[in-house]
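Computed from a predicted model, the values in this text were never measured in an experiment. We name chains A, B, ... by the order of the sequence lines, and we start the count at 1 in each one. The figures here come from the full heavy-atom set of this structure, side chains too, leaving out hydrogens, waters and symmetry mates.
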Amino acid sequence: MEYIRIIDSKDYVEQKVQIKGWVANKRSSGKIAFLQLRDGSAYFQGVALKSQLGEALFDAITHLNQETAVEVVGTIQEDGRSKFGYEIHIEDLKVLGDSVDYPITPKAHGTDFLMDHRHLWLRSSKQHAIMQIRNEIIHATFEFFYERGFVKIDAPILTGVAGENTTDLFEVDYFGDNAYLGQTGQLYAEAGAMAFGKVFTYGPTFRAEKSKTRRHLTEFWMIEPEIAFCDHEDSLKLQEEYVAYLIQHVLDHCDYALDVLGRDREVLKRYTQLPFPRITYDEAIEMLQKADFDVEWGADFGSPEETYIAEHFEKPVFIMNYPKAIKAFYMKDHPDRDDVVLCADLIAPEGYGEIIGGSERETDYDILREKIINFGLNPDDYDWYLDLRRYGSVPHSGFGLGLDRFVTWVTGNKHIRESIPFPRLLNRLYP
RNA sequence: UCCGCAAUAGCUCAGUCGGUAGAGCACGUGACUGUUAAUCACGCUGUCGCAGGUUCGAGUCCUGCUUGCGGAGCCA
């Protein structure tokens, strides 16, 4: 007899198999009982008949506690009365681990309570679906970049200096010296691009900002590709191809999860149609001023502004060429203008905000050194980074995609905290 | 950090004009052969966030604090 996973049950109809999993819920009548079983791969129901199992076993089954770990032997049946379409007719059941007073009942709970029990909440079907989609997006990321000859390099998490100067850093003691948890792997990715041509990083990044919104985490995961011999235009094309690839992969591989979440596939399909619209920062300012937003040229956009702009497009929209004063020091000046840089943010529709920020990087040693000084940073700290311009500097571009925000958008979630297994927020470090 | 809202049973909430604490669910017992958060009957469940004040009397009114939530700023 074969031990199978629930997700594969369609291949075992009418066969006697073994399932190992947990009892998510149960319902019983006098002579028939339904166990809602989950094994990590999917959820389906087990049917137990008193007439077949005998008094003792049937009685034990109707008294199983929620989240008891069980080993079930039975026959797989196709049945439209089951939500999953397949079910197992139980012939034998063994308890592997009891579960007393499981805190998350199949009724309404508040977010705070659920977050206190995040380690258990991950077992529930909606959270399971979100994490499946997150996993597929990570999978598709590696696939996308490997198919295109990229090398995955690991940026350090502990760093001696700030990557950008705009945000607060988590400070840690490093054998008596100050060190920081990295807020971007980009500078290291640039070193990687000069070694391997095309690289991407995937790792956690940290921002000690006291942000309290549905779009912010203090620890979040970024994917940062960096490509040598690549100008800003090439980078934009890669960005939209990458986003469309991720969405298509989710459509192809996450059917059940999208159903559980009730996400509209037609809306997602729209996001696979290229190219994405592009507007300049100047045009965005004009749009906002016409709509009576109180913004001057030179200001950065807040989220109401971003949402307003995004509402005018059916797909993600690139906003290009921001004023240099509000962007990072490493961005390359626009060839025809001295007040803006070669960069773009990709704003997701439906109010999900910025999901990608990217730019062409400054290649000239003297200009870059001056930019570092103008941003109030110490060029000595960036000596290794300046070396990249000292020895065979070439045009290169890159971008960073915020995985957790991307997952929030694709899953249609309201809040970013459900898009990562264990969110780190201003007021949450447990569990 | 700023603005707004909230805190009552294990969970989700109600609690009128200030007058002796309520419901549903969970859990327990029983009934029920196709349930989909099953249903029905009975039973069990309390430091009303903390500290102080007003009052004959405070879950309710006032002050401070704590914690959480929503939003802003900052950003991916």
Side-chain angles (χ1 to χ4, degrees), chain A residues 24-36 43-53 58-59 62-63 65-66 77 79-85 87 89 100-117 121 124-126 163-169 183-186 204-224 299-307 322 326-328 345-348 351-358 399-409 414-417 419-420 425-428:
Chain A
N25 196 11
K26 66 167 193 288
R27 286 176 283 276
S28 65
S29 297
K31 290 163 187 168
I32 186 168
F34 300 93
L35 294 181
Q36 214 56 45
Y43 296 71
F44 80 163
Q45 72 179 10
V47 184
L49 292 170
K50 193 177 191 172
S51 56
Q52 285 178 17
L53 300 176
F58 185 81
D59 194 56
T62 55
H63 285 85
N65 291 316
Q66 194 189 350
Q77 302 287 350
D79 198 314
R81 288 174 294 186
S82 155
K83 267 185 185 170
F84 187 69
E87 57 188 21
H89 285 246
V100 180
D101 294 332
Y102 187 70
I104 304 177
T105 61
K107 294 288 170 182
H109 297 282
T111 310
D112 192 41
F113 176 84
L114 290 168
M115 273 299 170
D116 280 342
H117 298 85
W121 191 20
S124 67
S125 61
K126 187 182 164 199
E164 302 167 4
N165 65 333
T166 51
T167 52
D168 296 327
L169 296 159
Q183 55 175 341
T184 170
Q186 187 210 305
T205 48
F206 305 87
R207 307 269 165 101
E209 291 167 341
K210 301 205 166 174
S211 302
K212 241 185 89 174
T213 80
R214 67 179 73 182
R215 296 177 303 281
H216 286 86
L217 295 164
T218 55
E219 177 183 301
F220 64 97
W221 290 69
M222 268 212 291
I223 292 137
E224 296 181 286
D300 208 350
F301 303 132
S303 65
E305 287 87 358
E306 273 181 0
T307 303
Y322 282 72
I326 57 171
K327 286 290 173 186
D345 287 350
L346 184 65
I347 312 298
Y352 286 94
E354 183 186 347
I355 48 170
I356 289 184
F399 59 93
L401 177 137
L403 177 70
D404 319 280
R405 262 190 205 176
F406 195 89
V407 172
T408 309
W409 172 47
K414 283 193 189 70
H415 202 298
I416 197 168
R417 67 189 157 203
S419 299
I420 181 167
L425 300 157
L426 189 53
N427 296 315
R428 181 157 302 275

>> Taking only the P atom of each, what is the distance from B/rG4 to B/rA21 in whole angstrom?
In response: 34 Å
> B/rC75 C1' sits how many Å from A/Phe220 CZ, rounded?
Replying inline: 7 Å
>> Tell me whether the side-chain N or O atoms of A/Arg214 pair up with the base of B/rC69 as donor and acceptor below 3.5 Å, since no angle test is needed here.
In response: no
> Looking only at side-chain N and O atoms, does A/Lys107 come under 4.0 Å of OP1 or OP2 in B/rC25?
Replying inline: no
>> Please tell me if A/Asn25 has a side-chain N or O lying less than 4.0 Å from either OP1 or OP2 of B/rA37.
In response: no
>> Considering every strand and a 4.0 Å limit on heavy-atom distances, what is the contact class for A/Ile356: base, sugar-phosphate, or nothing?
In response: sugar-phosphate
> Do the side-chain N or O atoms of A/Arg417 get closer than 4.0 angstrom to the phosphate oxygens (OP1, OP2) of B/rG70?
Replying inline: yes
> How far, in whole Å, is B/rU60 from B/rG19 if one measures between their P atoms?
Replying inline: 11 Å
>> If I pick the C1' atom on B/rA23 and the same atom on B/rG46, what distance separates them, to the nearest angstrom?
In response: 14 Å
> Between B/rC32 and B/rA41, how far is it from one C1' atom to the other, in whole Å?
Replying inline: 12 Å
> Looking across every strand, which nucleic acid part, if any, lies under 4.0 Å from A/Asp101 by heavy atom: base, sugar-phosphate, or nothing?
Replying inline: nothing
>> Applying a 4.0 Å non-hydrogen cut-off, can you work out what A/Gln45 is touching in the nucleic acid: base, sugar-phosphate, or nothing?
In response: base
> Looking for any heavy atom pair under 4.0 Å, which part of the strands does A/Thr105 touch: base, sugar-phosphate only, or nothing?
Replying inline: sugar-phosphate
> RNA chain B: A/Ile416 or A/Leu426, which has the more 5' nearest nucleotide?
Replying inline: A/Leu426
> Can you tell me if the side-chain N/O atoms of A/Thr213 get under 4.0 Å from OP1 or OP2 in B/rG73?
Replying inline: no
> Does A/Lys212 put a side-chain nitrogen or oxygen below 4.0 Å from OP1 or OP2 of B/rC5?
Replying inline: no
>> In whole Å, I'd like the distance from the CD atom of A/Gln77 to the P atom of B/rG34.
In response: 17 Å
> If you pin A/Lys83 and A/Glu87 to their nearest nucleotides in RNA chain B, which one's is more 5'?
Replying inline: A/Glu87
> Looking for any heavy atom pair under 4.0 Å, which part of the strands does A/Gly110 touch: base, sugar-phosphate only, or nothing?
Replying inline: sugar-phosphate
> Any N or O donor-acceptor pair linking the side chain of A/Ser211 to the base of B/rC74 at under 3.5 Å?
Replying inline: yes
>> If you compare every side-chain N and O of A/His109 against the phosphate oxygens of B/rA26 (OP1, OP2), does one of them come in below 4.0 Å?
In response: no
>> Regarding A/Ser51, tell me which of base, sugar-phosphate or nothing describes its non-hydrogen contacts under 4.0 Å with the strands shown.
In response: base
>> Should A/Phe34 be counted as stacked on B/rG34, where stacking needs a ring-centre gap under 5.5 Å and an angle between planes under 30 degrees?
In response: no
>> I need the CD1-P distance between A/Ile32 and B/rU33, as an integer number of Å.
In response: 9 Å
> With rounding to whole Å, what would you report as the distance between B/rU45 and B/rG70 at their C1' atoms?
Replying inline: 32 Å
> Can you tell me how far C1' of B/rC27 sits from NE2 of A/His63, to the nearest Å?
Replying inline: 12 Å
> Tell me: NZ of A/Lys26 to C1' of B/rA37, nearest whole Å?
Replying inline: 14 Å
> Would one find a side-chain N or O of A/Arg81 under 4.0 angstrom from OP1 or OP2 of B/rU33?
Replying inline: no
> In whole Å, what is the span from the NZ atom of A/Lys126 to the P atom of B/rA37?
Replying inline: 15 Å
